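Each remark here refers to the structure printed beneath this line.
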There are 2 protein chains.
Amino acid sequence: MTPPKRPIEACAASQLAELAAQSRRVTSYDVALVAGVSQSAVSRCFKPGASVSKSTFARVMKAAALLDYVPNAAARSLITRRTNMVAVLITNRANLYYPELLSELSQQLTPHGKRVLLFPLSGEAEAARVLGDLWQFQVDGVIAAAHLPATAVAEFRRHRVPLVVFNRLLDDPAVHTVSCDHRAAGRMLAARLAAAGHRHFGIITGSKDSVVAVARQQGVAEQLAELGLPAPLVVTGEFDYHSGASGLKTLIARHGGIPDAIICASDVLAIGCLDCARHELGIDVPGQLSVAGLDAVEPSNWLSYNLTTLRQPMAGMAAAAAQQVCQLIERPDLGATRQLFEAQFIEGATARLLPAGAAMGQPFSLAPALAIM
Amino acid sequence: MTPPKRPIEACAASQLAELAAQSRRVTSYDVALVAGVSQSAVSRCFKPGASVSKSTFARVMKAAALLDYVPNAAARSLITRRTNMVAVLITNRANLYYPELLSELSQQLTPHGKRVLLFPLSGEAEAARVLGDLWQFQVDGVIAAAHLPATAVAEFRRHRVPLVVFNRLLDDPAVHTVSCDHRAAGRMLAARLAAAGHRHFGIITGSKDSVVAVARQQGVAEQLAELGLPAPLVVTGEFDYHSGASGLKTLIARHGGIPDAIICASDVLAIGCLDCARHELGIDVPGQLSVAGLDAVEPSNWLSYNLTTLRQPMAGMAAAAAQQVCQLIERPDLGATRQLFEAQFIEGATARLLPAGAAMGQPFSLAPALAIM
DNA sequence: TTGTACGCGTTATCAG
DNA sequence: CTGATAACGCGTACAA
């Protein structure tokens, strides 16, 4: 195959014509023909760090540009066994309440050359079908920010797909995990509120299949028990604004009055509770009632709310998950790690609190509940 | 290749051992060997609507299950020229303010057997690199909910990738589009406010590269001009809560007092403006000032705000975009369509308004501005 | 209905 | 540094 005497442009034009006639797509072979080199030379030009001479590289790139050639990822991954895709399993809830999660994950994966393939999970029943799809795509790794059926982890292992579980702690310790320590967060919040003298706690939570909410609730209950305080009243609804309001009313009815503090399993619940207390029931928050959320979504720090809550370091967690899955893709046999992030306490103004650091042995007017400690 | 006399399970076990030894992955050929059929028979079993006998189908499926076989999408798409992936180009802004967009798109594409491959765009500079990546993946189609560079549309055409542009109207009429009619929405809002007697308008908008915001602002300005009202004062900031507050202060300074109505280019801006007016400046809304948003994100209908705003029918728009791109994938030569959706007016309680329908010729105490009409 | 043979577009190996 | 050749795993005419 001697280099054609005709100028490369003319050569490209005739090649394009032939391509159109046969309705083929542009391949590395076409580029090779136009550039007057072998097909493997073209391939090498598109592989970073391959050994190609300056001059052939230039010819090939020019030909490629003329023909609008791009390497076909499907063909490439057939042989490299890399698709450069990472699957993200995500529930609609996570999608709605942590919009930054997906952006962060994508942003963090891009520099590694990976793209996000989205697998939304609405219900548990869907999981099986979705996983079936998942294997077909031969993704390099998976980040699961959704509830997985019990058998799923074993399946990932069988199919040898690296898995990083996000924001939930499975029983299986051999699973790579990046999560906020929701139980510790619940404990911290309960401790801060108890220290400020609250005795009677209510909890408003969303549907029970949220592992995150359950862990938080556990933390709260544990801490209260250890402090010798009465067990919290628990009301379960959905995770929406309306459930915060109805939860508050139910709690008041069940407790026979306004409890001291209400902890909500999400900020949206807390805001619903807060609005209902202030605007509907005329309750003074935090004078008569302390309300705390758990999430620190954006509206929680708006002036109208200024919610007492806990912030998950979402960006950092997403970055860690991305990092972790990429590492796992390079070295699949790495031992399982559990990265636990600490929630950050946001004081806000919807709960009565002692100044930070005042809880321990300060000469402060201690509330009755503290005397028990 | 006669069917082995050994039970299929034993056959599968030895095959698996061999696979592990060579660290190959399970292929249709392995399944064929275990099931005692040809490779193409296996292929047919995984193609819906192919002609396979009941008995071979059963044998193949059993063998496949024993080996954990799934067809390799990369290899398949090499032949079929379908990757079953749809790229979604999305800005971080859209990601944050319309979290339901991605869920809806995924949900709507799933029944068509398509999955979403995510391409987030932070800045315009990134677009070129992202597009380069995009072609490699050979996606079946693209939904663009981000600003595209002027040359991009031509590139899509050259690469023969079906494109649906979401929520922005390009000049090129030959581009398939699904969008809310933002200009009409702006006009409607301005008209309603003008009808209720507002004369002096302010606009708080986000950065200028949001086509959506620009279109809305145009609509407002046009309508006011047609009604013979003074041109609105415009303040540009970011799209966040804080910019709403600072925008309000700037507007008051520039107007030399409180304007009659402020229209914000997004609900978050409006809420920032509202909170600042009420909590910081002590302005009575809507008594002294009407505030309107443009988006109807979830917080806008919370009791503390109850914002006057316009809702985009996001779910419907997402469904239409998904539908459109799928249709285009089947028939790429379809003529360009522009689907325009109408925004829904949400009265709320942050703007003084006439009862709906009262604007035209009703015996109503007309405000001064209306006399001009 | 089933099997044979080939091609999809690339990367990897190896000899020159 | 370059080119021939062999995979990669599957779908699909075509013949049986």
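On a predicted model such as this, the values are computed, not experimentally measured, just so you know. Keep in mind that the numbers below use all heavy atoms, side chains included, and drop hydrogens, waters and symmetry copies. Below, read A as the first sequence line, B as the second, and so on, with proteins coming before strands; counting in each chain starts at 1.
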Look at [X] and [N] and indicate whether a side-chain polar atom (N or O) is within less than 4.0 Å of OP1 or OP2.
X	N	result
Arg81(B)	dG9(C)	yes
Ser51(B)	dT1(C)	yes
Ser77(B)	dC10(D)	no
Lys54(A)	dC1(D)	no
Thr56(B)	dT2(C)	yes
Tyr29(A)	dA4(D)	no
Ser38(A)	dT2(D)	no

Residue [X], side-chain heavy atoms: nucleotide from [options] that is nearest:
X	options	answer
Thr27(B)	dT12(D), dC10(D), dG9(C)	dC10(D)
Ser40(A)	dG9(D), dG9(C), dA12(C)	dA12(C)
Leu78(A)	dT4(C), dT2(D), dC8(D)	dC8(D)
Ser53(A)	dC1(D), dG9(C), dG9(D)	dC1(D)
Ile79(A)	dA4(D), dC8(D), dG11(D)	dC8(D)

| Are Leu121(B) and His147(B) close enough that some pair of their side-chain heavy atoms sits under 4.5 Å apart? |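 Leu121(B) does not reach His147(B) side chain to side chain.
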| field | 4.5 Å side-chain heavy-atom contact, Asp30(B) and Tyr69(B) | value |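 Side-chain contact under 4.5 Å: no.
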| field | Contact nearer the 5' end of DNA chain C, comparing Ala41(B) with Ala75(B) | value |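 Mapping each residue to its closest nucleotide by heavy atoms, the 5'-most match is Ala41(B).
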| query | When we call it a touch if two heavy atoms are under 4.0 Å apart, what does Val52(B) touch: a base, just sugar-phosphate, or nothing? | reply |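 Val52(B): backbone/sugar contact only, no base atoms under 4.0 Å.
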| said: Just to be sure I understand the rule, does Tyr69(A) reach a base, reach only the sugar-phosphate, or reach nothing, if contact means heavy atoms closer than 4.0 Å? | reply: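 Here Tyr69(A) touches the backbone only, sparing every base.
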Atom-to-atom span, [atom1] of [X] to [atom2] of [N] - whole angstrom:
X	N	atom1	atom2	answer
Trp135(B)	dG9(C)	CH2	P	18 Å
Arg44(A)	dT13(C)	CZ	P	12 Å
Gln39(B)	dG3(C)	CD	P	11 Å
Gln136(B)	dG9(C)	CD	C1'	13 Å
Asn84(B)	dG11(D)	CG	C1'	14 Å
Arg76(B)	dC8(D)	CZ	C1'	16 Å
Arg24(B)	dC10(D)	CZ	P	11 Å
Leu33(A)	dG3(D)	CG	P	12 Å

| message | How close do Ala74(B) and Ser77(A) get, counting heavy atoms only, and between which atoms? | response |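 It is CB-OG, 3.5 Å.
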| query | Any side-chain donor paired with an acceptor under 3.5 Å for Thr337(A) and Gln324(A)? | reply |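 Yes.
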| request: Could you tell me whether a side-chain N or O of Arg168(A) sits under 3.5 Å from a main-chain N or O of Phe166(A), the two making a donor and an acceptor? | output: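 At least one qualifying donor-acceptor pair exists.
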| task | Taking Arg59(B) for its side chain and Ala35(B) for its backbone only, find out whether a donor-acceptor pair lies under 3.5 Å. | result |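 Yes: the side chain of Arg59(B) pairs with the backbone of Ala35(B).
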